[in-house]
Amino acid sequence: MGAEMKELWQSRRTLVERALQAELDRTDILDDKLRASMAYSLMAGGKRLRPILLMAAADAVGVDGTKFITAACALEMIHTYSLIHDDLPAMDNDDYRRGKLTNHKVYDEGTAILAGDALLTLAFTVILRQQDVPAERLLRVVDETGRAAGAEGMVGGQMLDLEAENRRISMEELRRVHMGKTGALFRAALRCGAILAGASERQLAALTAYADHFGLAFQITDDILDVIGTAEDIGKPVGSDEKNHKSTYVTLTSLDEAQSLARQTVESAADALHIFGDEAAFLRELVLYLVRRKQ
């Protein structure tokens, strides 16, 4: 990724950090321990990829994506809730996330569950705090986000993932798991950014295609990194998939084949942006950087 794009990423990441803290500060949370638990995971850093994708989609349509920072923060809250719950003993049973103890290890399982619940529900309030957007667009964003986070998306994908443990599944089953568990929120981020910016149906369809390829490439390369990467690369201990007896793109094919599939998927994502001009430069560079960085 070029220096200009890295600078854009960092400036938007800083913007997201400040906005997330502001949204927490303005929320009346009844219990101090709950607030601390929510903040512990929400403000733990990370790439802030989903809110940045939302803003980049608006940019591609020709509208300054930073106008939608409030709605963008909601997606990061939902992502953070999913990480808190994924790390629980009943799920992946991980002790570390982004080099720090997981939420339930610092507080306790009950508090971690409630912190995740609180972030998920707060996200929808935050979407409705977004200013200067027609009400019908906000309603579409709420619908998109709710479906992406729930049984049609992340929760459904997580359930498929649980049922896939300790058995070898087909490539199509694996794709369904990850299009729900990982891809759904990427799809929502890009579609919501486009909707907020008033995208045409043609623009929305192109960004949706990009999102689907992007989400698949992200998951394939995550699977690759679980074998050859570091904990810093993926934000959790490497070898987690093997520990939990999960089928991955690497175990169902091979490392070389998974890397080849990742490259093909990245190319498809970039091709989906052909209708856009320079406004989509960040999205083009982002997906190319993804596969280079992770391999």
Side-chain angles (χ1 to χ4, degrees), residues 13 16-18 20-21 23-25 27-51 73-123 126 149-150 153-166 177-178 180-182 184-185 218-219 221-248 294:
R13 185 175 169 184
V16 171
E17 297 286 345
R18 292 173 179 166
L20 285 170
Q21 187 62 62
E23 294 301 332
L24 272 184
D25 290 345
T27 301
D28 184 16
I29 300 170
L30 297 180
D31 182 82
D32 289 342
K33 183 179 179 182
L34 177 61
R35 176 182 289 277
S37 179
M38 293 166 66
Y40 177 80
S41 293
L42 186 64
M43 305 309 299
K47 297 181 286 292
R48 306 306 190 188
L49 183 52
R50 289 147 191 86
C73 283
L75 292 179
E76 191 67 12
M77 291 176 177
I78 293 172
H79 175 57
T80 301
Y81 125 77
S82 74
L83 299 183
I84 294 173
H85 284 195
D86 281 357
D87 290 336
L88 289 167
M91 296 291 185
D92 290 347
N93 195 25
D94 283 323
D95 293 341
Y96 290 91
R97 168 75 64 178
R98 294 170 179 158
K100 298 170 62 177
L101 285 170
T102 48
N103 197 295
H104 67 277
K105 288 291 183 180
V106 174
Y107 298 94
D108 54 69
E109 288 183 39
T111 301
I113 291 168
L114 292 174
D117 292 345
L119 287 168
L120 171 61
T121 49
L122 176 59
V126 170
M154 281 200 317
V155 173
Q158 180 68 33
M159 188 68 214
L160 291 173
D161 195 31
L162 285 175
E163 292 183 329
E165 287 184 9
N166 300 309
V177 168
H178 292 310
K181 184 177 177 182
T182 305
L185 206 56
F218 186 92
Q219 187 58 55
T221 48
D222 246 19
D223 289 351
I224 291 167
L225 272 187
D226 198 66
V227 177
I228 65 172
T230 66
E232 183 179 358
D233 293 323
I234 56 175
K236 61 181 180 179
V238 295
S240 177
D241 293 331
E242 182 179 4
K243 181 188 78 172
N244 291 313
H245 307 292
K246 291 184 178 181
S247 294
T248 70
K294 287 177 175 284

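Just so you know, residue 1 is the first one in the sequence shown, and it goes up from there.
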List the atom of [X], the atom of [Y], and the distance in Å for their closest heavy-atom pair.
X	Y	result
Cys73	Val16	SG-O, 4.2 Å
Ala115	Ser37	CB-OG, 3.2 Å
Ala149	Ile78	CB-CG2, 4.0 Å
Ala74	Ala123	CB-O, 3.3 Å

Is any side-chain heavy atom of [X] closer than 4.5 Å to a side-chain heavy atom of [Y]?
X	Y	value
Thr27	Met38	no
Gln158	His85	no
Asp108	Lys33	yes
Met43	Glu17	yes
Thr248	Asp226	no
Lys181	Leu160	no
Arg48	Leu20	yes

side-chain hydrogen bond (donor to acceptor under 3.5 Å, both in side chains) partner of Asp87, the single match among His104, Lys105, Arg97 =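 Running side-chain hydrogen bond (donor to acceptor under 3.5 Å, both in side chains) over His104, Lys105, Arg97 with Asp87 returns exactly one hit, Arg97.
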
Between [atom1] on residue [X] and [atom2] on residue [Y], distance to nearest 0.5 Å:
X	Y	atom1	atom2	answer
Asn103	Asp94	CG	CG	13.0 Å
Lys47	Arg98	NZ	CZ	7.0 Å
Asp161	Ser247	CG	OG	9.5 Å
Thr102	Leu88	OG1	CG	8.0 Å
Asp222	Thr182	CG	OG1	7.0 Å
Leu119	Thr80	CG	OG1	6.5 Å

message = If you count heavy atoms of other groups shown closer than 6.0 angstrom to CG of Asp25, is the number above 12?
response =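 Check passes, neighbour count above 12.
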
key: Step-by-step side-chain contact (heavy atoms from CB on, under 4.5 Å) determination, Tyr40 to Leu101   = CA-CA 10 Å; Tyr40 177 80; Leu101 285 170; 4.0 Å; yes

key: Residues His79, Leu75; criterion side-chain contact (heavy atoms from CB on, under 4.5 Å); working and verdict   = CA-CA 6 Å; His79 175 57; Leu75 292 179; over 6 Å; no

inquiry  = Quick one: does any side-chain atom of Arg35 pair with a main-chain N or O of Leu24 as donor and acceptor, under 3.5 Å?
reply    =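 Yes; judged by distance alone, with no hydrogens or angles, the pair exists.
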
